[in-house]
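Reviewing the structure listed below.
We're numbering straight along the sequence, starting at 1. What you are looking at is a predicted structure, and each value in this text was computed from that prediction instead of being measured.
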Amino acid sequence: MIVDSAPATKRQRFTAVDPMELESAKAKLAAAKETFGREIRVFETATASSVPPDVSSNVSEEPEDFYEFTPEDYYRLLGTKKEEKHLKTKKIREAEEAARRARITKAVIRVRFPDNYILEATFHPSETIKSLLDLLVKVIAHPELPFYIYTTPPKKQIKDFSKDFYSAGFIPGAVVYFSYDLPKASGSYLQEEVMSLQGLDSMIEKMEPGEPSRDESPTTNPPPSVPDQKPAADKKKIKPKWLKL
């Protein structure tokens, strides 16, 4: 009975799913994909509660010297590049690069906003960074305000939007940061419709039974019995041939 108690708890947890709530979450994600042209996710980082909602982008950014490389970092990277250049011929490098590029089929880009909310979207590596900019214009709350995106460290504003994600080094994924050129008014950086998607994908993963149902089958069967084994006491009943009474 003690062995079966854990699987019973699992079964109860997964059978208590509200089908209406699950279908509603799926419908919202499907509608967002139809509206914005790709699958998107919204979630909040652990440190978001420590940042006021009306904080401006200028206040939330780190100072410029925070992202500077040290001389040791520079020479270490320079030495690595020179070593790789001499060890491999041009044809070998090109062949490896082509093989590597063929294996990668998507680029997962996360855009982090000053209020610590993150928008995640999936692109093809051959798409350009402009496609990310086009998506941001659709999802942010104030598309009329000038904004820019940058990477860290070191802090570097992205200006060439004609590069594809592979050439930009944004594969298999990357984190970029969003900032307005001007101080922003209080409120969310993302539209309300987009913010309503927060946590839906993780909720679906938790609510759907999926794999855990397979874990229950081995535990529901009782352990196999071994009827063929005889107690040790039975051996004493056998009379040895040499024993004479």
- Can you hop from Leu133 to Val194 via hydrophobic side chains spaced under 4.5 Å? yes
- Query: What residues form a side-chain contact (heavy atoms from CB on, under 4.5 Å) with Ser167, not counting sequence neighbours?
  - Reply: Arg101, Asp164
Determine whether [X] and [Y] make a side-chain contact, defined as any pair of heavy atoms from C-beta on separated by less than 4.5 Å.
X      : Y      : value
Thr105 : Pro125 : no
Pro114 : Tyr189 : yes
Phe178 : Ile140 : yes
Phe147 : Ser179 : no
Tyr150 : Lys156 : no
Ile109 : Phe123 : yes
Phe161 : Ile158 : yes
Ile149 : Leu136 : yes

Rounded to the nearest 0.5 Å, what separation is found between the [atom1] atom of [X] and the [atom2] atom of [Y]?
X      : Y      : atom1 : atom2 : value
Lys28  : Leu197 : NZ    : CG    : 7.5 Å
Glu23  : Ile204 : CD    : CD1   : 9.0 Å
Leu29  : Glu34  : CG    : CD    : 13.5 Å
Tyr148 : Lys159 : OH    : NZ    : 10.5 Å

When you measure from the side chain of [X] to the backbone N and O of [Y], does any donor-acceptor pair fall under 3.5 Å?
X      : Y      : answer
His142 : Glu144 : no
Ser188 : Leu190 : yes
Arg38  : Lys33  : no
Ser24  : Met20  : no

- Query: Does Lys138 count as lying over the ring of Phe36, i.e. NZ or CZ under 6.0 Å from the six-ring centre, within 45 degrees of the axis?
  - Reply: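 No, cation not above the ring by the 6.0 Å, 45° rule.
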- Result of checking Val108, Thr128, Ile104, Leu132 against Phe165 for side-chain contact (heavy atoms from CB on, under 4.5 Å):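 By the side-chain contact (heavy atoms from CB on, under 4.5 Å) criterion, Phe165 pairs with just one of Val108, Thr128, Ile104, Leu132: Leu132.
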- Task: Assess whether atom CD of Gln157 is packed by more than 12 heavy atoms of other residues, nucleotides or ligands within 6.0 Å.
- Result: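 For Gln157, atom CD is crowded (more than 12 foreign heavy atoms under 6.0 Å).
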- Message: Atom CD of residue position Gln191 - does it have more than 12 heavy atoms of other residues, nucleotides or ligands inside 6.0 Å?
- Response: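 It does: Gln191 CD has more than 12 such atoms within range.
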- Task: Considering non-hydrogen atoms only, spot the tightest contact between Ser162 and Asp160 and give its length.
- Result: OG-OD1, 2.6 Å
- Task: Could you pull out the closest heavy-atom pair between Ala168 and Ile129, with the gap in Å?
- Result: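 Result for this residue pair: CB-CD1, 3.9 Å.
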- Message: I'd like to check the side-chain hydrogen bond (donor to acceptor under 3.5 Å, both in side chains) partners of Lys163; sequence neighbours left out, ordered by chain and number.
- Response: none
- Task: Applying side-chain hydrogen bond (donor to acceptor under 3.5 Å, both in side chains), name anything that partners Tyr177, two or more places apart in sequence or on another chain.
- Result: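 Scan of Tyr177 (side-chain hydrogen bond (donor to acceptor under 3.5 Å, both in side chains), adjacent residues dropped) gives none.
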- Query: Between Glu120 and Arg112, is there a side-chain N and carboxylate O pair less than 4.0 Å apart?
  - Reply: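 Looking at Arg112 together with Glu120, the answer is no, because their closest N to O distance does not fall below 4.0 Å.
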- Can you check side-chain contact (heavy atoms from CB on, under 4.5 Å) on Arg41 and Gln198, steps first, answer last? CA-CA 7 Å; Arg41 298 174 56 203; Gln198 181 185 354; over 6 Å; no
